[in-house]
Enquirer: 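Can you keep this structure in mind? I'll have questions shortly.
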Amino acid sequence: MDELRELLTKYALQNAIFYEGKANPGAVMGKVMAAEPELKRRAKEVSALVREIVSEINKMSLEEQKRMLEEMAPELMERKKKEKSHELPELKNAENGVVMRMAPYPSGPLHIGNARMAILNDEYVKRYGGKLFLVYDDTIGSSEKLPDLEAYDLIADGLKWLGIEYHDVFYKSDRIELFYEWAERLIELDGAYVCECSAEELRYNREHGIECEHRHQSVEENMEKWKRMLAGDYEEGKAILRIKTDMKHPNPAFRDRVLFRISKREHPRVGKKYHVWPLLEFSWAVDDHTLGMTHVLRGKDLVMEDLMEQYLWKLFGIEGPEFIHYGMLRIKEAKLSKSKSSKEVKSGEFSGWDDPRTWSLQSLKRRGIRPDAIRSFILSFGLSQSDIEVPAENLYAENRKLIDASTPRRMFVPDPVKIKVKRAPDMKEIELANHPKEGLGTRKIRVGNEIWVSGEDFKAHRGKEIRLKDLFNVMLEEEAEFTSIPNKDIPRIQWVSDPVDVEVVMVDGSVKKGLGEHSLLDLKPDDMVQFERFGFVRIDEVKENMVRAYYAHP
RNA sequence: GCUCCCGUAGUGUAGCGGCCAAUCAUGCCGGCCUUUCGAGCCGGCGACUCGGGUUCAAAUCCCGACGGGAGCACCA
């Protein structure tokens, strides 16, 4: 047997014994090519030979095949498992370090969608070394999207909590004059013009590829009108600075976009100092260059902005960073709109920026979700460009992994129903473990004549024998008959005696009221507990006879 | 309508010409364990959108269809 024939036979035998005695020529071929890449040049010849050998081998019994392989190449008898890592993909041109940025708009706190932007940046800067900047993208916005002074701190708090390390902070609102300088350069390059069309005209012209009269103004005329814009000679909406691209550009979104517009609204940081404000594309074209960015991570909704920035850099003759996009992420249970939440918070409909319905980082913190859980959750999406909708369950699973072992168990009964146990044995106090597996100590529970169970359990098991978990068995009624003490294989339900009032703020903002065991009063805010058969909660407030908690997840 | 992006199990995700008869997580189902419907352990279910092409070889490359998303704001 020649060398090639022997090699092919080994792999064919291996494939056959892995798959019930029947080898597949394609699969064998693949293995062979992977093992001996230099055979690729003789692929046709090899392929024919494999077919021939496989058909021979498939005539043999599985036993014969095994014997033969054992003789020829025993090392191939075992299946090897391949290890795979699930890391973020490499960035191009990042070997010498990176400079990256996070650019939140301060209209509210970061929500879990914004956390993706922050975490991805943080991961890459830590991987390659370099700098990460926080750049508040606080231009004047729009009437639907207003910058808000308290949002600056909410954002910084959220980043800190997430463990994002950044090296410097910038404010767009401090850089307006820099943008003016670059605007004038652009006008001088005849790359932009002042347009006095109305928003409607502009939209119409853009849709139909029509050039308006202003497009043909001279550089001098444009400069003069620009100066008048800065001087305040125009009212809002009466003049804008537009880039000159091509009104017939196949992509309507690319046609002569607006670079600066007039807004006389008051800005929360700089007041009425400026009334000519840049738009995102222009300010970033300048800043991505002047701040020395190497890579920019942004959502897929901003691809047009890449093109505009690149177009501007070319006009200016400067270089800019690489852009990397990720797809749109939605949490199924959350409606990720900052402006909507903002209204509900301001109106008092929500309890604040940490109301669970906002899905802000603050709200997740209040529910007892760990920042590390958010990080693994976010990293599980990688850098994919698909638009995805993920159930919050995935986040909860990550969090559960982190907290389960260290979280004590307690009993809690929502919508309690009081029962009296007749002829109950005299048990003044019992001692229960805080966790079924981990050594988290014990606590004592005083047992009185009156016992409460949850309304739901009462309804479901009324008239039947149930076990009050860790206590004894009863026929479940308002006047419950004691039956026995030893554990039985019947439904086990939670109960409380010597109770304290408990309120649990649920994810939808509603409040679940019930009773919990007395030992809850020993807890402190931020402690996590699992209410058995109810879910994990974070203790938010402990008063004399009342405990308030936030629901985390099942 | 135009432009761009994306289509791998229920949901996400890895893979990016042969080692894929496809990874991992989550979910679901079953078993064990357990005085929680939790956790753990074991086992199972479940996917390359479709049609052409290139190639000895396609989830992977090319073309087309279909499906989803984003942009076309004087928002970011």
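Here is how names work: the chains are called A, B, and so on, in the same order as the sequence lines, proteins then strands, and each is numbered from 1. Computation of the quantities below employed the complete heavy-atom set of this structure, encompassing side-chain atoms and omitting hydrogens, waters and symmetry-equivalent molecules.
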Enquirer: Using a heavy-atom cut-off of under 4.0 Å over every strand shown, decide if A/Arg410 touches base, sugar-phosphate, or nothing.
Expert: nothing
Enquirer: Just say parallel, tilted or perpendicular for the rings of A/Trp226 and A/Tyr180, cut-offs at 30° and 60°.
Expert: perpendicular
Enquirer: Mind checking the C1' distance from B/rG7 to B/rU13? Whole angstroms is fine.
Expert: 14 Å
Enquirer: Is it true that a side-chain atom of A/Asp138 and a backbone atom of A/Pro106 form a donor plus acceptor pair closer than 3.5 Å?
Expert: no
Enquirer: Distance check, P atoms only: B/rG38 and B/rG27, in whole angstrom units.
Expert: 10 Å
Enquirer: Test for a donor-acceptor pair under 3.5 Å between the base of B/rC56 and the side chain of A/Lys44, counting only N and O atoms.
Expert: no
Enquirer: Which nucleotide in the list B/rA73, B/rC6, B/rA39 gets nearest to the side chain of A/Arg203?
Expert: B/rA73
Enquirer: Searching all strands shown, indicate the nucleotide that pairs with B/rC33 (Watson-Crick or G-U wobble; both distances under 3.5 Å).
Expert: none
Enquirer: Can you find a heavy atom in the side chain of A/Tyr274 that is under 4.5 Å from one in the side chain of A/His267?
Expert: no
Enquirer: State which of B/rC2, B/rG68, B/rA73 makes the closest approach to the side chain of A/Asp387.
Expert: B/rG68
Enquirer: How far does the P atom of B/rA76 sit from the matching atom of B/rA22, given to the nearest Å?
Expert: 49 Å
Enquirer: For A/Leu202, which contact category applies under a 4.0 Å heavy-atom criterion: base, sugar-phosphate, or nothing?
Expert: sugar-phosphate
Enquirer: Separation of A/Asp256 atom CG from B/rC74 atom P, in whole Å?
Expert: 12 Å
Enquirer: Could you tell me the Watson-Crick or G-U partner of B/rG38, where both distances fall under 3.5 Å? Say none if there is no partner.
Expert: none
Enquirer: Pairing check on B/rC28: which nucleotide meets the Watson-Crick or G-U wobble criteria with it, both distances under 3.5 Å?
Expert: B/rG44
Enquirer: At under 4.0 Å between heavy atoms, what does A/Asp137 touch on the DNA or RNA strands: base, sugar-phosphate, or nothing?
Expert: sugar-phosphate
Enquirer: Without decimals, in angstroms, what is the distance between A/Arg255 CZ and B/rG1 P?
Expert: 15 Å
Enquirer: Could you check which nucleotide pairs with B/rC2 in any of the strands shown, counting Watson-Crick or G-U wobble with both distances under 3.5 Å?
Expert: B/rG71
Enquirer: For a quick check of understanding: with a heavy-atom distance under 4.0 Å over all strands, which category does A/Ser376 fall into, base, sugar-phosphate or nothing?
Expert: nothing
Enquirer: Measure from the side chain of A/Ile388, starting at C-beta and using heavy atoms only, and say which of B/rA39, B/rG12, B/rG69 lies closest.
Expert: B/rG12
Enquirer: My understanding is that a pair needs two contacts under 3.5 Å, Watson-Crick or G-U wobble. By that rule, which nucleotide pairs with B/rC66?
Expert: B/rG7
Enquirer: Can you tell me, in whole Å, how much space there is between the C1' of B/rC61 and that of B/rC48?
Expert: 15 Å
Enquirer: Just checking A/Phe179 against A/Trp277, ring centres under 6.0 Å apart?
Expert: no
Enquirer: Could you say whether A/Lys40 or A/Glu305 is positioned toward the 5' end of RNA chain B, judged by the nucleotide with the nearest heavy atom to each?
Expert: A/Lys40
Enquirer: Can you tell me the pairing partner of B/rU54 across any strand shown, Watson-Crick or G-U wobble, with both distances under 3.5 angstrom?
Expert: none
Enquirer: Sort out the partner of B/rA21 for me: Watson-Crick or G-U wobble, both distances under 3.5 Å, none otherwise.
Expert: none
Enquirer: Of all the choices, B/rU35, B/rC75, B/rG68, which nucleotide is nearest to the side chain of A/Ser142 once you look at every atom?
Expert: B/rC75
Enquirer: Please measure how far the C1' atom in B/rG68 lies from the corresponding atom in B/rC50, and state the result in whole Å.
Expert: 15 Å
Enquirer: Do the charged groups of A/Glu52 and A/Arg5 touch, with an N to O distance under 4.0 Å?
Expert: yes
Enquirer: Between B/rC2 atom P and A/Asp246 atom CG, what is the distance in whole Å?
Expert: 18 Å
Enquirer: Rounded to whole angstrom units, what separation is found between the NZ atom of A/Lys300 and the P atom of B/rG69?
Expert: 10 Å
Enquirer: If we call it a pair only when both distances are under 3.5 Å in a Watson-Crick or G-U wobble match, what pairs with B/rU13?
Expert: none
Enquirer: When only distance counts, do a donor and an acceptor, one from the side chain of A/Asn15 and one from the base of B/rA21, lie under 3.5 Å apart?
Expert: yes
Enquirer: Can you establish whether the number of heavy atoms outside A/Tyr204 located under 6.0 Å from its atom OH is more than 12?
Expert: no
Enquirer: For A/Ser283 and A/Pro278, indicate whether the former's side chain and the latter's backbone hold a donor-acceptor pair under 3.5 Å.
Expert: no
Enquirer: Of the candidate nucleotides B/rA76, B/rG38, B/rG1, which contains the atom at the shortest distance from the side chain of A/Tyr105?
Expert: B/rA76
Enquirer: State whether A/Arg242 places a side-chain N or O below 4.0 Å from either non-bridging phosphate oxygen (OP1 or OP2) of B/rA73.
Expert: no
Enquirer: In whole Å, what separates the P atom of B/rC42 from that of B/rU60?
Expert: 35 Å
Enquirer: Any chance you could lay out the side chain to side chain contact (heavy atoms under 4.5 Å, CB included) test for A/Thr407 and A/Arg409, step after step, and finish with the verdict?
Expert: CA-CA 7 Å; A/Thr407 303; A/Arg409 272 52 177 165; 4.1 Å; yes
Enquirer: Ignoring backbone atoms, test whether A/Arg261 places a side-chain nitrogen or oxygen under 4.0 Å from the OP1 or OP2 oxygen of B/rC75.
Expert: yes
Enquirer: For A/Arg409 and B/rU34, give me the distance from atom CZ to atom P, rounded to whole Å.
Expert: 17 Å
Enquirer: Rounded to the nearest Å, what distance is computed from the NE2 atom of residue A/His208 to the C1' atom of nucleotide B/rU3?
Expert: 17 Å
Enquirer: Of the nucleotides B/rA25, B/rC74, B/rC72, which has the atom closest to the A/Ala253 side chain?
Expert: B/rC72
Enquirer: Heavy atoms only, 4.0 Å cut-off, all strands: where does A/Gly237 land among base, sugar-phosphate and nothing?
Expert: base
Enquirer: Go through B/rC75, B/rA76, B/rC5 for me and flag the one nearest to the A/Gln385 side chain.
Expert: B/rC5
Enquirer: Picking from B/rA76, B/rA73, B/rU3, which would you name as closest to the side chain of A/Asn251?
Expert: B/rU3
Enquirer: Take the protein atom OH of A/Tyr204 and the nucleotide atom P of B/rC74, then report the distance between them rounded to whole Å.
Expert: 17 Å
Enquirer: Can you check the distance between B/rG71 and B/rC62, where both ends of the measurement are the P atom (answer in whole Å)?
Expert: 27 Å
Enquirer: Compare the ring of A/Tyr19 with the six-membered ring in the base of B/rA21 and state whether they stack (centres under 5.5 Å, planes under 30°).
Expert: yes
Enquirer: Any donor-acceptor pair under 3.5 Å between the side chain of A/Arg467 and the base of B/rU35?
Expert: yes
Enquirer: Using the closest heavy atom to pick a nucleotide of RNA chain B for each, name whichever of A/Val258 or A/Lys469 lands nearer the 5' end.
Expert: A/Lys469
Enquirer: Among B/rG71, B/rC4, B/rG69, which is the nearest nucleotide to the side chain of A/Val303?
Expert: B/rC4
Enquirer: Taking the C1' atom of each, how far is B/rA9 from B/rA47, in whole Å?
Expert: 4 Å
Enquirer: Whether A/Arg42 and A/Glu45 form a salt bridge (side-chain N of Lys/Arg under 4.0 Å from carboxylate O of Asp/Glu) is what I want to check.
Expert: yes
Enquirer: Is there, by distance only and without an angle test, a donor paired with an acceptor across the side chain of A/Glu398 and the base of B/rA25 below 3.5 Å?
Expert: no
Enquirer: From the set B/rU13, B/rU35, B/rG38, return the single nucleotide nearest to any side-chain atom of A/Asn487.
Expert: B/rU35
Enquirer: Evaluate the criterion salt bridge (charged side-chain N to carboxylate O under 4.0 Å, His left out) for residue pair A/Arg101 and A/Asp137; output intermediate values, then yes/no.
Expert: CA-CA 11 Å; A/Arg101 49 135 164 128; A/Asp137 206 358; over 6 Å; no
Enquirer: A/Asn24 has an atom CG; how far is it from atom C1' of B/rA21, in whole Å?
Expert: 7 Å
Enquirer: Looking across every strand, which nucleic acid part, if any, lies under 4.0 Å from A/Ala23 by heavy atom: base, sugar-phosphate, or nothing?
Expert: base
Enquirer: Is the phosphate of B/rA70 approached by A/Arg298 (side-chain N or O, under 4.0 Å from OP1 or OP2)?
Expert: no
